[in-house]
Amino acid sequence: MTVTLQRMPQKRTYLMCPPEFYAVDYAINPWMDTSTPVDTELALKQWERLRETLTGLGHTVHVLPAEPGLPDMVYAANGAFTVDGVAYGARFKYAQRTAEAAAHRAYLAARGWTCVPAAETNEGEGDFAYLPEAYGGLILAGYGFRTEPVAHVEAQDVLGRPVVSLHLVDPRFYHLDTALAALDDSTVAYYPAAFSEASQRVLRQLFPDAVRADDADAYAFGLNLVSDGRHVVLNSEATGMAHKVEAAGYTPVLVELSELKKGGGSIKCCVAELR
Ligand code: ARG
């Protein structure tokens, strides 16, 4: 007997920032190579397709205006982490991105979000994921490369949700969102090898039914996805991952984002969810 799972989509609100000033002028992760030419026009086209894909699925996408001198601002997921109307602000590790936090804070505050600036280094949704239906509302948080573990404590204090810290150990997967994604309110997909042995054990305990990615999926940025609970929007190179999520009952939607891969990011990096 085949059991067909009915995965239910939920209307989402996202924040994106166009790659108008996108460039690879500095290298702060292993994907970035300042000698590789970047086609900003193509990046903008691909970004636009991603935005249209999300609005086409019925979601609301707000656009944060890009600022000159902030080439990584297109990776909007890093600007804050919002849960229940509260935005826990980012505090970037590298000086090149510091000013992005204030831009996000100003944008969100002007639209009614309660913004709490961070005292501790953290890169927003790049290192935080939220699962409203897992264990009553659980935050997963990455550390090892960008976000400091003490920021996990700060996020728990600010957001009033339990935070589980996960240790990232592979520099290619320097943000949690390059190695783990929420497929719906209680299910995750992740790439085990990006995490320490202990954190892999924690993930197995918390999510025995998780979709597990392999090396090829992770290297194609297949974990860096955005899901509405049914439609899983992922990088067009991540075909193996698309099959895995399909087998788990979700509908993969592939979007090409090759230019933004040069900065070390993909779909999820470009999309912050506003909850
Ligand atoms: N170049 C950016 C950085 O290294 C990429 C950020 C990717 N964003 C993400 N959410 N993983 O900071």
Side-chain angles (χ1 to χ4, degrees), residues 14-36 38 40 43 46-47 50 64 66-67 69-82 87-101 103-104 121-130 139-148 151 155 166 168 170-182 189-191 194-195 213 217-227 233-235 238 255 257-274:
Y14 298 121
L15 181 65
M16 293 177 68
C17 176
E20 262 168 72
F21 305 103
Y22 173 61
V24 180
D25 290 341
Y26 51 80
I28 55 172
N29 70 57
W31 304 87
M32 298 174 91
D33 174 357
T34 54
S35 64
T36 307
V38 167
T40 308
Q46 294 178 336
W47 179 89
L50 174 59
L64 173 69
E67 292 183 17
L70 296 174
D72 272 339
M73 204 172 164
V74 59
Y75 304 109
N78 297 125
F81 175 51
T82 67
Y88 171 56
R91 191 179 185 96
F92 285 87
K93 171 159 179 170
Y94 295 107
Q96 292 97 328
R97 299 196 66 186
T98 304
E100 294 178 40
H104 279 262
T121 301
N122 84 87
E123 298 200 346
E125 247 186 11
D127 272 322
F128 288 105
Y130 183 51
I139 292 170
L140 299 178
Y143 71 95
F145 297 102
R146 299 291 180 90
T147 297
E148 291 294 335
L166 298 167
L168 295 163
D170 181 335
R172 287 248 157 200
F173 307 102
Y174 57 94
H175 275 143
L176 182 70
D177 72 0
T178 63
L180 179 145
Y190 68 96
Y191 173 50
F195 297 92
D217 302 328
Y219 277 84
F221 271 102
L223 278 314
N224 198 247
L225 60 82
V226 170
S227 176
V233 182
L234 35 72
N235 188 344
V255 176
L257 220 53
S258 57
E259 281 311 300
L260 292 164
K261 193 177 176 182
K262 297 174 181 172
S266 190
I267 310 285
K268 170 61 206 166
C269 300
C270 295
V271 181
E273 183 166 353
L274 304 182

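Counting starts at 1 for both ligands and their atoms, in listed order. Position 1 is the first residue of the sequence; numbering continues from there.
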Report yes if some N/O of [X] lies less than 3.5 Å from some N/O of ligand 1; otherwise report no.
| X | answer |
| --- | --- |
| Glu123 | no |
| Asn224 | no |
| Thr178 | no |
| Gly263 | yes |

Only residue of Leu50, Asp177, Leu260 satisfying side chain to side chain contact (heavy atoms under 4.5 Å, CB included) with Ile267 is Leu50

Identify which one of Asn122, Leu176, Leu140 satisfies the side chain to side chain contact (heavy atoms under 4.5 Å, CB included) criterion when paired with Phe128.
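So, applying the side chain to side chain contact (heavy atoms under 4.5 Å, CB included) to Phe128 and each of Asn122, Leu176, Leu140, only Asn122 qualifies.
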
Mind checking whether [X] and [Y] have side chains closer than 4.5 Å, heavy atoms only?
| X | Y | value |
| --- | --- | --- |
| Phe145 | His175 | no |
| Arg146 | Tyr94 | yes |
| Trp47 | Met16 | yes |

So Trp31 and Phe221, would you call those rings parallel, tilted or perpendicular, with 30° and 60° as cut-offs?
tilted

List the closest protein heavy-atom neighbour of [atom]: residue, atom name, distance to the nearest 0.1 Å.
| atom | value |
| --- | --- |
| atom 9 (C) of ligand 1 | Cys269 SG, 2.7 Å |
| atom 2 (C) of ligand 1 | Asp72 OD2, 3.3 Å |
| atom 10 (N) of ligand 1 | Asp177 OD2, 2.7 Å |

Against heavy atoms of [X], which atoms of ligand 1 measure under 4.0 Å?
| X | value |
| --- | --- |
| Asn78 | 6 (C), 7 (C), 8 (N), 9 (C), 10 (N) |
| Met32 | 1 (N) |
| Arg97 | 2 (C), 3 (C), 6 (C), 12 (O) |
| Gly126 | 10 (N) |
| Ile28 | 3 (C), 4 (O), 12 (O) |

Between Arg146 and ligand 1, which part of the residue brings a heavy atom under 4.0 Å of the ligand: side chain, backbone, both or neither?
side chain

Given that the side chain starts at C-beta and the backbone is N, CA, C, O, which of these parts of Glu125 lies under 4.0 Å from ligand 1, counting heavy atoms, or is it both or neither?
neither

Check for a donor-acceptor pair, side chain of Asn29 on one end and backbone N or O of Gly263 on the other, with a separation under 3.5 Å.
yes

After noting the C-alpha distance and the side-chain angles of Glu273 and Val226, does the key distance pass the side-chain contact (heavy atoms from CB on, under 4.5 Å) rule?
CA-CA 9 Å; Glu273 183 166 353; Val226 170; over 6 Å; no

Spacing of CZ belonging to Arg91 relative to OG1 belonging to Thr121, to within rounding of 0.5 Å
6.5 Å

For the atom pair CE (Met32) and OH (Tyr26), what is the distance rounded to the nearest 0.5 Å?
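That separation rounds to 5.5 Å.
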
Check: of Tyr174, Tyr26, Trp31, min heavy-atom distance to atom 5 (C) of ligand 1 comes from Tyr174

